[in-house]
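Below is one structure, written out as structure tokens; comments come after it.
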Amino acid sequence: MSSRSDELLTVPQVLAELGGVSRRTFYRWRELGRAPVCVQLPNLELRVWRSDLIAWLDSRREAA
């Protein structure tokens, strides 16, 4: 769930946050159901709440 201090990120911003993952890889992850939760705007562009990206990254942590 988002809050007022949360931020909607564009796909290029998400890719940059992920260290330069390619757009193709990101969309492949979406096809496989392995990408962070996205919001689709009426113009069909995707956005990701920063909090959802952080939660998704946390869920991908591996035990040392």
- Message: Run Q40 and R47 through side chain to side chain contact (heavy atoms under 4.5 Å, CB included) and show every step you take.
- Response: CA-CA 6 Å; Q40 189 172 41; R47 298 290 187 272; over 6 Å; no
- Nearest-0.5 Å distance, CD of residue E7 to CG of residue L53: 10.5 Å
- Task: Over all heavy atoms of both residues, which pair between L9 and Q13 is shortest? Give the atoms and the distance, please.
- Result: CA-OE1, 3.3 Å
- Task: Give a yes or no on whether R60 atom CZ has more than 12 heavy-atom contacts from other residues, nucleotides or ligands under 6.0 Å away.
- Result: yes
- Within-4.5 Å side-chain heavy-atom neighbours: V48 and T10: no
- Task: May I ask you to check whether W56 and W29 place their ring centers less than 6.0 Å from one another?
- Result: yes
- What distance do R34 atom CZ and L32 atom CG have between them, rounded to the nearest 0.5 Å? 7.0 Å
- Query: Could you walk me through whether V21 and V14 pass the side chain to side chain contact (heavy atoms under 4.5 Å, CB included) check?
  - Reply: CA-CA 9 Å; V21 169; V14 170; over 6 Å; no
- Nearest heavy-atom neighbours spanning C38 and L46: CB-CD2, 4.2 Å
- Message: Tell me if a side-chain donor or acceptor on D6 pairs with a main-chain N or O of W49 at a distance below 3.5 Å.
- Response: no
- Run through the side-chain heavy atoms of Ile, Leu, Val, Met, Phe, Trp and Tyr, join any pair under 4.5 Å, and report what else lands in V37's cluster. none
- Reported OG1-to-CG distance for the pair T25 and L15, which is rounded to 0.5 angstrom: 9.0 Å
